[in-house]
Novice: 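The following block contains the structure, expressed as structure tokens.
Chain identifiers are assigned alphabetically (A, B, ...) following the order of the sequence lines, protein sequences preceding nucleic acid strands; residue numbering begins at 1 within each chain.
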There are 2 protein chains.
Amino acid sequence: MELTPAAKKFILHWGEMGQAWGINRTMAQVHALLFVAPDSLDAEEISRLLDVSRSNVSTSLRELMTWGIVKRVHVIGDRRDRFEALKDVMETFRVIMAERKRREMDPTIALLEHCVEEAEGGDSRDDYTREQLEKMLDFTRMLTAWYSQIDRLPTPALRRIFTAGAKIARMFGAQTPHEANVN
Amino acid sequence: MELTPAAKKFILHWGEMGQAWGINRTMAQVHALLFVAPDSLDAEEISRLLDVSRSNVSTSLRELMTWGIVKRVHVIGDRRDRFEALKDVMETFRVIMAERKRREMDPTIALLEHCVEEAEGGDSRDDYTREQLEKMLDFTRMLTAWYSQIDRLPTPALRRIFTAGAKIARMFGAQTPHEANVN
DNA sequence: CCGAAATTTCCGTCACTACTGAAAAGTATA
DNA sequence: TATACTTTTCAGTAGTGACGGAAATTTCGG
């Protein structure tokens, strides 16, 4: 098996995107490869196709598995581990979101709570900082609460929400009397 | 002016978060500092408070300004440039989203379109890859379309959407007859 | 128009992370 | 249990990007 030009371009681009989002390039490339690959691949093959070392592949695969977007699979008659990615884009997206929430949003909320609490004891010179931190905390809580609600839904419902952007905008876009007064 | 413990912790954490999202640490720290600072700061002061070089601050500020979340301001009687961050969290979030869409989503869509087109000419062995790329393209388009609709709304409407997660979930969560059959 | 203050640019250095190769550990088969 | 095959770990290396310091440029007051 060799990579088609389209697959190559996608894999390289995915690597770049990964970097922009704080994900190591090889890891993103391995994911991209598994995503477009018709069959599961073994580590050796991945190493060959991406031209990176076997050990680098091993590390990347482990990471991808802890993220939950790549799974180890086996085929009878082959001792080697084989790997395949989640093939459903929405599902992949959800898993990544859930993981980033867990790794980044939750700790951020905890830290902000701590900071706000600490800033309450401070002298009045710190009032402004405390207010800003509170606003940041409120916003982060709002986002994660929204996410939690949405994440409960099955994939088709999620898809409906995302295709209903205009409808949602219309529903929530109406100005309240107060806002109308302000404008 | 010196940093309070709460401010320090927030700034450090924000730096870490930045890294996880592909943003350089100093840049994130400068932003955090300006976000919690009661008044605008000049570059010298930022350099001192964060203990990084003047030139590093200069670069970070320029980047933050191209992102549009930090503005140059002047006070009479002071030749030095002073800087302040957007103080509204939601607004900051919006600006960052818009910028990332422009920098990452749009190019990704362009590339995926190109790849799909190219893969159409290929032999049937590439069908699966093409299908996967198409799915990825559809998903990306769906997301950006949703975003475009939502982004039109004024901030209060946006806030209403984000506080209405449960309501939205209820509205779109109802199963269609088809889905009910499948389950 | 000159000089001082402030800012930006540039290039060398440093630090960090990704990466490799080799060795170690693990696993299945005979 | 030995052996061949596979995966993982680890320690050293390389490469990338952040950073600092100095020089160059710009800006402003006198």
Novice: Which of parallel (below 30°), tilted (30 to 60°) and perpendicular (above 60°) describes B/Phe93 and B/Phe162?
Specialist: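 Ring orientation of B/Phe93 relative to B/Phe162: perpendicular.
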Novice: Select base, sugar-phosphate, or nothing to describe what B/Arg79 touches, counting heavy atoms under 4.0 Å on all strands.
Specialist: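 Base contact - B/Arg79 has a heavy atom under 4.0 Å of at least one base atom.
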Novice: Nearest heavy atom decides the nucleotide; on that basis, is A/Arg82 or B/Ile23 closer to the 5' end of DNA chain D?
Specialist: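 Closer to the 5' end of DNA chain D: A/Arg82.
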Novice: So if I take every side-chain heavy atom of B/Asn24 and compare against D/dT6, C/dT20, D/dA18, which nucleotide ends up nearest?
Specialist: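 So the nucleotide nearest the side chain must be D/dA18.
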Novice: CG/A/Leu34 to CD/A/Glu84 distance, rounded to the nearest 0.5 angstrom?
Specialist: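 Atom-to-atom, A/Leu34:CG and A/Glu84:CD are 8.5 Å apart.
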Novice: Given C/dC19, C/dT20, D/dG20, identify the nucleotide with an atom nearest to the side chain of A/Val52.
Specialist: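 Selected nucleotide (nearest to the side chain): C/dT20.
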Novice: Using the closest heavy atom to pick a nucleotide of DNA chain D for each, name whichever of B/Met27 or A/Asp42 lands nearer the 5' end.
Specialist: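 Whichever sits nearer the 5' end wins; that is A/Asp42.
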Novice: Without decimals, in angstroms, what is the distance between A/Glu44 CD and D/dT6 P?
Specialist: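 It works out to 8 Å between those atoms.
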Novice: Where the side chain of A/Arg54 is defined as all heavy atoms beyond and including C-beta, which of D/dT7, C/dC19, D/dC19 is the nearest nucleotide?
Specialist: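 Among D/dT7, C/dC19, D/dC19, the one nearest the side chain of A/Arg54 is D/dT7.
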Novice: Any side-chain N or O of B/Asn56 less than 4.0 Å from the OP1 or OP2 oxygen of D/dA18?
Specialist: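 False: B/Asn56 side-chain N/O out of range (4.0 Å or more) of D/dA18 OP1/OP2.
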Novice: Just compare D/dT8, C/dA6, C/dT8 and give me whichever is closest to any side-chain atom of A/Ser58.
Specialist: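 Per side-chain heavy atoms of A/Ser58, the pick is D/dT8.
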Novice: Could you state the CG-P distance from A/Leu50 to C/dC19, rounded to the nearest angstrom?
Specialist: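 Computing the A/Leu50:CG to C/dC19:P distance gives 11 Å.
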Novice: Whole-Å distance between D/dG17 P and B/Glu63 CD?
Specialist: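 The answer, rounded to whole Å, is 13 Å.
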Novice: Suppose we call a contact any N or O donor and acceptor under 3.5 Å apart; does that hold for the side chain of B/Ser55 and the base of D/dG21?
Specialist: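 Indeed, a donor on one side and an acceptor on the other fall under 3.5 Å apart.
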Novice: Measure the distance from CG on B/Asp81 to P on D/dT26 and round it to the nearest whole Å.
Specialist: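 Atom-to-atom, B/Asp81 to D/dT26, this comes out as 15 Å.
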Novice: Just the rounded figure in Å: distance from P of D/dA18 to CG of B/Leu64.
Specialist: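 Rounded to the whole Å, the gap is 13 Å.
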Novice: Going by an N to O cut-off under 4.0 Å, is there a salt bridge joining A/Arg94 and A/Glu99?
Specialist: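 Salt bridge flag = no for A/Glu99 with A/Arg94.
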Novice: If you take all heavy atoms of B/Asp81 and B/His74, which pair is closest and at what distance?
Specialist: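 In this case the closest contact between B/Asp81 and B/His74 is OD1-NE2, 2.8 Å.
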Novice: Whole-Å distance between D/dT7 P and A/Leu41 CG?
Specialist: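 My rounded result for the distance is 13 Å.
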Novice: Please determine whether side-chain contact (heavy atoms from CB on, under 4.5 Å) holds for the pair B/Glu118 and B/His114, giving the CA-CA distance in whole Å, both sets of side-chain angles, and the decisive distance to 0.1 Å.
Specialist: CA-CA 6 Å; B/Glu118 186 170 81; B/His114 172 79; 3.9 Å; yes
Novice: Nearest whole angstrom, please: distance from the C1' of C/dT29 to the CG of A/Asp78.
Specialist: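 Taking CG of A/Asp78 and C1' of C/dT29, I get 14 Å after rounding.
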Novice: I want to verify a distance call: between C/dT7, C/dC19, D/dA22, whose nearest atom is closest to the B/Arg72 side chain?
Specialist: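 The closest nucleotide is C/dT7.
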Novice: Report the distance from atom CG of B/Asp51 to atom C1' of D/dG20, rounded to the nearest whole Å.
Specialist: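 Whole-Å distance recorded here is 12 Å.
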